[in-house]
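Below is one structure, written out as structure tokens; comments come after it.
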2 protein chains.
Amino acid sequence: MPSEQIENYLKNIYKIQSVEGKVSTSSLSEKLQISPASVSEMVKKLADEGSLTHTPYKGVELTESGKRAALKIVRKHRLWEMFLVEVLHFGWDEIDEEAEKLEHIMSGKMEDKIDEVLGFPSVDPHGDPIPTKSGTVKTIRSFALTDVEEGSTVRVVRVNDANAELLQYASSIGLSLNKKIALKQRMKFDNSLIIKIGSKEMTISATLAENIFVESV
Amino acid sequence: MPSEQIENYLKNIYKIQSVEGKVSTSSLSEKLQISPASVSEMVKKLADEGSLTHTPYKGVELTESGKRAALKIVRKHRLWEMFLVEVLHFGWDEIDEEAEKLEHIMSGKMEDKIDEVLGFPSVDPHGDPIPTKSGTVKTIRSFALTDVEEGSTVRVVRVNDANAELLQYASSIGLSLNKKIALKQRMKFDNSLIIKIGSKEMTISATLAENIFVESV
DNA sequence: CCAAGAATTTCGGTGCGCCTAAAATATAAA
DNA sequence: TTTATATTTTAGGCGCACCGAAATTCTTGG
């Protein structure tokens, strides 16, 4: 059984790998808030254990076994997030921190029970896919709200969960999962958008829009 | 915020104190499965921090502040146990181990949410009282099934949760919280009891009976 | 009362994950 | 291409909670 720190290393390597392709010591150090020196050491250890391959001074890549371990934790994290929202009625923006701790102490039995109570969900409250028990992840096709054409209507399928304040704000303006959004106008000078959610019209910044992912409706 | 090990030390000191009055290094060592040498060191540290008083070569006693910290953990443990049974449908005998991990990573907010979902319970699934948020514990008046008079009927209010196998067995014979038990006969040669639960008559060992606590009905 | 024997504490040491500072290597600008 | 700068790794160390062994102190039977 991997320790909590190892789980965190693997999970975050997986996440960086998904977004940036390449995983450097410094990006990991940044994400984990651990000194580059320590990360370098740990990476060596993980390479020895076969969870990843490491080319010194280059970068890191998860092995199959490392990826499997990472996906296990991602699954647990997202199941907990779902549980916190659905069963304990936590807000969108409060769940990441709690799930961060819970994911490491979740037995297989617990995982199954929670999965069952939730009705075997396929995405978490931010719209991120929940990996299956066997370790597959559904890719959700979507594009950023920034890229929507003026005049079209779309549906929110995912919100970037990297920033709690952003989530907090999004939810405060009624921008939540599965909501329909009509794009009225794009301002040329700063790319901010005038949108309509339900009957309410509002302006949102380009920065916010970059973190909202939608599909055509 | 106390670390996980410290929480475990305090919780177990509290438990031993409740049952045996005196808390020795060896009893703690036994319960925590940590060497006497290590326990002795940690006790010194806890004394320095003001959580307990320690008379070398004698024993240990929680201070008010130590007791408060211990009760916080006991409360969290029992809330989780309740939650595991009521919401996740775990069995009586499976919950202690899970709660043992969960208790240490429960934020105040989480505590409140769970308390609320459960309807502010006053006892856990074994009948042990859940300390209040302010740190008071209701004493439940009861006596061991061993001490019941022949012919009388009683109600189960608590089952000693120290042994999972015992819990497992108790539940398998339909002996659960709030069940009514009629004591038909006590065998003189080994103190085993013939009891009736509902319409079913059965024999239980004295050892089991010592761990079942009841009140008159 | 005194000498085992039992319980407790002290001592020296370990593993683990972290750190800072210094050395090695890679990258980019001149 | 060379050199300055940025990134990464190595070296040396630290704190924490643990350990076994040895020293100390308590307890109890003779």
Side-chain angles (χ1 to χ4, degrees), chain A residues 1-17 19-62 66 69-70 73 100-101 103-105, chain B residues 1-17 19-62 66 69-70 73 100-101 103-105:
Chain A
M1 194 80 35
S3 72
E4 180 165 337
Q5 316 95 287
I6 288 185
E7 290 179 339
N8 276 334
Y9 273 89
L10 295 177
K11 181 183 68 172
N12 284 292
I13 290 168
Y14 175 80
K15 284 189 176 179
I16 297 173
Q17 201 168 270
V19 176
E20 304 175 24
K22 197 88 183 178
V23 183
S24 66
T25 299
S26 49
S27 59
L28 242 188
S29 162
E30 165 69 19
K31 193 147 216 163
L32 292 169
Q33 295 284 64
I34 289 171
S35 77
S38 304
V39 168
S40 191
E41 277 172 348
M42 193 64 178
V43 155
K44 195 165 36 163
K45 184 179 165 184
L46 290 172
D48 288 347
E49 290 180 4
S51 298
L52 50 80
T53 55
H54 178 220
T55 321
Y57 292 103
K58 293 295 181 179
V60 132
E61 191 169 6
L62 290 178
I73 294 301
E100 206 70 38
K101 297 176 287 179
E103 63 190 13
H104 302 295
I105 56 157
Chain B
M1 193 81 36
S3 72
E4 180 166 335
Q5 317 92 289
I6 288 184
E7 289 179 339
N8 276 333
Y9 273 91
L10 295 178
K11 181 182 70 171
N12 284 292
I13 290 167
Y14 174 80
K15 283 190 176 180
I16 297 172
Q17 202 167 269
V19 176
E20 304 176 23
K22 197 89 183 178
V23 183
S24 65
T25 299
S26 49
S27 57
L28 241 188
S29 162
E30 164 70 18
K31 193 147 216 161
L32 293 168
Q33 295 283 64
I34 289 171
S35 76
S38 304
V39 169
S40 191
E41 276 173 349
M42 193 63 177
V43 155
K44 194 164 37 165
K45 183 178 165 186
L46 290 172
D48 288 347
E49 291 181 6
S51 299
L52 50 80
T53 55
H54 178 221
T55 322
Y57 293 101
K58 292 296 181 181
V60 132
E61 193 169 7
L62 292 178
I73 293 301
E100 204 71 36
K101 297 176 289 180
E103 63 190 12
H104 303 295
I105 55 158

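Naming convention: chains lettered A, B, ... in sequence-line order (proteins, then strands); numbering from 1 in each chain.
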Starting at CD1 of A:Ile6 and ending at C1' of C:dC18, how long is that distance when rounded to a whole Å? 14 Å
First locate atom CE of B:Met1, then atom NE2 of B:His104, and finally report the distance between them rounded to the nearest 0.5 Å. 13.5 Å
Between CD of B:Glu20 and NZ of B:Lys15, what distance do you get to the nearest 0.5 Å? 13.0 Å
What's B:Ser26 touching, base or sugar-phosphate or nothing? Going by heavy atoms closer than 4.0 Å. sugar-phosphate
At less than 4.0 Å, is any side-chain N or O atom of A:Lys58 found next to OP1 or OP2 of C:dT25? Yes or no. no
Gap between atoms CE and P, on A:Met42 and C:dC16 respectively (whole Å): 10 Å
CD1 of B:Ile6 to OG of B:Ser51, rounded to nearest 0.5 Å, is 7.0 Å
Any donor-acceptor pair under 3.5 Å joining the side chain of A:Glu41 to the base of C:dC19? yes
Could you state the interatomic distance from NZ (B:Lys22) to CD (B:Glu61), rounded to the nearest 0.5 Å? 8.0 Å
What is the separation between atom CG on B:Leu32 and atom P on C:dT8, rounded to the nearest whole Å? 14 Å
To the nearest 0.5 Å, tell me how far A:Lys11 NZ sits from A:Ile73 CD1. 7.5 Å
May I have the list of side-chain donor-acceptor pairs in residues 27-50 of chain A shorter than 3.5 Å, sequence neighbours left out?
| unit_1 | atom_1 | unit_2 | atom_2 | d |
| --- | --- | --- | --- | --- |
| A:Ser27 | OG | A:Ser24 | N | 3.1 |
| A:Ser27 | OG | A:Ser24 | O | 2.8 |
| A:Ser27 | OG | A:Ser24 | OG | 3.0 |
| A:Ser29 | OG | A:Ile34 | O | 2.6 |
| A:Ser35 | OG | A:Ser38 | N | 3.2 |
| A:Ser35 | OG | A:Ser38 | OG | 3.0 |

Nucleotide C:dT9, atom P - distance to CG of B:Leu28 in whole Å: 11 Å
Of all nucleotides in DNA chain D that come within under 4.0 Å of a heavy atom of chain A, which is furthest toward the 5' end and which toward the 3' end? D:dT8 to D:dG12
Establish, with yes or no, whether the OP1 or OP2 oxygen of C:dT8 is under 4.0 angstrom from a side-chain nitrogen or oxygen of B:His54. no
Between P of C:dG17 and NZ of A:Lys45, the distance in whole Å: 3 Å
Would you please confirm or rule out a distance under 4.0 Å between OP1 or OP2 of C:dC19 and any side-chain N or O of A:Ser35? yes
From NZ of A:Lys22 over to C1' of C:dA26, roughly how many Å is that when rounded to an integer? 12 Å
In this structure, how many angstroms lie between the P atom of C:dG17 and the CG atom of A:Asn8, rounded? 12 Å
Once you apply a heavy-atom cut-off of 4.0 Å, does B:Pro36 come out as touching a base, just sugar-phosphate, or nothing? base
Pick the nucleotide of DNA chain C nearest each of A:Tyr57 and A:Val39; which residue has the one closer to the 5' end? A:Val39
Categorize B:Thr25 for me: base, sugar-phosphate, or nothing, with a 4.0 angstrom heavy-atom threshold over every strand shown. sugar-phosphate
Heavy atoms of A:Asn8 and A:Glu100 approach each other most closely as OD1-OE2, 4.1 Å
